[in-house]
Amino acid sequence: MRRRFVAGNWKLNLGPAQAAALAEALRTGLADRGDVDVAVFPTALSIAAVLPILQGSGIEVGVQDIHSADAGAFTGANSPAIAREAGCTRTLIGHSERRQIFGETDASVNKKVRAALAAGLLPIVCIGETLAERDAGQAEAVVHRQVAAALEGLTADQIPGLTLAYEPVWAIGTGRTATPEQAQDVHASIRGWLRAHYPSFVADETRIQYGGSVNAKNASQLLSCPDIDGALVGGASLKLDDFRAIVVA
Ligand code: PGA
């Protein structure tokens, strides 16, 4: 009952010309993708080049980060309302690179989630433990804490519109993917946490993507796990063939 959802996080790659070229390739290359939701997250300055190309294709475009305010004296920030006005439908929030490099906290993630929903942007909220946390046996406790904080103050009805992306920090950009068993265990645990805290439709309907070195080779095994509803793809989303293979999987 949960539609699969594959998203490409282009990170700080592809200026307007390259981003437009990839968008053109995706528009035709993914035309036959069937029953899968697809979104791409270009760097902010390339969004304007990508949007007109993907308009009408069903492939959604989002921003990689937003600020929690729509307007004001916030130099360098991305406004949720302006992103929506520009044509974005989604935003990433709390990616581990934002948490680790830019000092994002559980509290700021929550503020951004609320701001995104208020502006009509659907968030993909990224969560995941570090290697030290996993080795200390804290993986589930960490992701439960991150989910609880991200969802604080939301009504049950708001939650299925957002997507959770479980991305173990040790698997991002490292080529070291979680095994399907490791990923499925955490996904099931997150869904169990949702089931314990909200009416059951929230756990049934909320999509949980896996992310961290997903590629054309490992995607089908990961995506065949019952609680993995899609993928958030970094490196492999920069090439049509790799990304297409993941969407097809
Ligand atoms: P990766 O990145 O696929 O390159 O590991 C995933 C992500 O950071 O979203």
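As the structure lists them, so they are numbered: ligands from 1, and atoms in each ligand from 1. In this text, all values refer to a predicted model and were calculated from it rather than measured experimentally. Excluded from the calculations below are hydrogen atoms, water molecules and symmetry mates; all remaining heavy atoms, backbone and side chain alike, are included.
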Asn13 meets the side chain to side chain donor-acceptor pair (under 3.5 Å) criterion, sequence neighbours left out, with none

At a 4.0 angstrom heavy-atom cut-off, what protein residues surround ligand 1? Asn9, Lys11, His95, Glu167, Ala171, Ile172, Gly173, Gly212, Ser213, Leu232, Val233, Gly234, Gly235

Any chance the side chains of Gln100 and Ser96 put a donor and an acceptor closer than 3.5 Å? no

Sequence neighbours left out, what passes side chain to side chain contact (heavy atoms under 4.5 Å, CB included) with Ser237? Give chain and number order. Trp10, Val233, Phe243

Given side chains that start at C-beta, do those of Val109 and Arg99 come closer than 4.5 Å, heavy atoms only? yes

Expected output: side-chain Asp106 to main-chain Ala149 donor-acceptor under 3.5 Å: no

Applying salt bridge (Lys or Arg N to Asp or Glu O under 4.0 Å), which residue pairs with at least one partner in residues 19-29 are found, sequence neighbours left out? none

